[in-house]
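Because only heavy atoms are used, hydrogens play no part in the values below, and waters and symmetry mates are left out as well, while side chains stay in.
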Amino acid sequence: MLAGMDEVLDKEGLAAWEAFVFAHAAAVGRIEREFAAAGVVSLTWYDVLTALTAAPGRRRRLQDLADEVVLSRSGLTRLIDRVEAAGLIRREPCETDRRGTYAVLTPAGEQAVERAWPVYARGIARHFADRLTGEEKRVLAEALRRVRQQPTV
């Protein structure tokens with residue numbers, strides 16, 4: 001460990017962080033491969049489409065969508081271009097802000113989500129949930145909710 005690090009971060013905190021990061025990467029990588037093998041949209045596309053599925057009117061402003069799927073604005077613009085070209089979403093101008101644009105889920109986008117969900121559910125179960133006890137799932141969910149809800153500085 002680096003000198004002085006234990007004043008900022010204890011060994012348990014570092015171990016928990018590393019376990020989280022590497023477990024996330026491993027599970028997501030496995031699920032992404034299963035998406036590809038099943039011939040459904042990519043996991044990144046799925047995240048965008050489900051964010052729209054959950055939104056009122058199945059639409060979100062692009063700036064809000066970027067926050068929802070944790071992408072940079074430029075990364076989201078390139079992704080939205082590809083998802084739109086595939087016919088899974090369409091863009092609509094914002095009536096109240098000429099600079100704003102909505103991403104709107106199309107019927108084809110809804111179908112893509114419906115086709116991908118069983119693959120995703122099986123992957124989450126196989127590569128994550130089935131590896132934990134009921135109590136571990138509860139504790140982990142609560143702990144990660146606290147981390148996510150922490151106010152930004």
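Here the straight-line distance linking atom CG of L65 with atom CG of L79 works out to 8.5 Å at 0.5 Å rounding. Atoms CG and OH, from L52 and Y102 in turn, are 12.5 Å apart once rounded to the nearest 0.5 Å. The structure places CZ of R90 at 8.5 Å from CZ of R59, a figure rounded to the nearest 0.5 Å. Taking CD from E110 and CD from E114, the interatomic distance works out to 6.5 Å, rounded to the nearest 0.5 Å. For the atom pair Y120 OH and T50 OG1, the distance stands at 7.5 Å (nearest 0.5 Å). Note that NZ of K137 and CG of D130 are 6.5 Å apart. Values are rounded to the nearest 0.5 Å.
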Q: Evaluate salt bridge (charged side-chain N to carboxylate O under 4.0 Å, His left out) for R138 paired with E142, printing each intermediate quantity in order.
A: CA-CA 6 Å; R138 188 192 65 70; E142 177 55 34; over 6 Å; no
Q | R58 vs T53, side chain to side chain contact (heavy atoms under 4.5 Å, CB included): CA-CA, chis, key distance, verdict | A | CA-CA 5 Å; R58 300 208 185 290; T53 299; 3.2 Å; yes
Q: Report the C-alpha separation of W45 and V40 in whole Å, then their side-chain angles, then the decisive distance to 0.1 Å, and conclude whether the side chain to side chain contact (heavy atoms under 4.5 Å, CB included) test is met.
A: CA-CA 10 Å; W45 285 32; V40 297; over 6 Å; no
Q: Please lay out, stage by stage, how L49 and V83 fare under the test side chain to side chain contact (heavy atoms under 4.5 Å, CB included).
A: CA-CA 9 Å; L49 296 173; V83 178; 4.1 Å; yes
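Between G100 and R61, the shortest heavy-atom contact is CA-NH2, 3.5 Å.
Placement of F128 and V139 in two distinct hydrophobic clusters is found when ILVMFWY residues are connected by side-chain heavy-atom separations under 4.5 Å, directly or transitively. A continuous path of Ile, Leu, Val, Met, Phe, Trp and Tyr side chains, each step under 4.5 Å between heavy atoms, connects V28 with V113, placing both in one hydrophobic cluster. Placement of L140 and V21 within a single hydrophobic cluster is found when ILVMFWY residues are connected by side-chain heavy-atom separations under 4.5 Å, directly or transitively. Placement of V48 and L62 within a single hydrophobic cluster is found when ILVMFWY residues are connected by side-chain heavy-atom separations under 4.5 Å, directly or transitively.
A salt bridge links D81 and R91; the closest N-O separation between the charged side-chain nitrogens and carboxylate oxygens is under 4.0 Å. Checked for salt-bridge contact, E34 and R30 miss the test: no charged N lies under 4.0 Å from a carboxylate O.
Relative ring orientation between Y46 and W117 is described as parallel, the plane-to-plane angle staying below 30° on a 0-90° scale split at 30° and 60°.
When the side-chain contact (heavy atoms from CB on, under 4.5 Å) test is applied to A108, the partners found at least two apart in sequence or on another chain are L88, T106.
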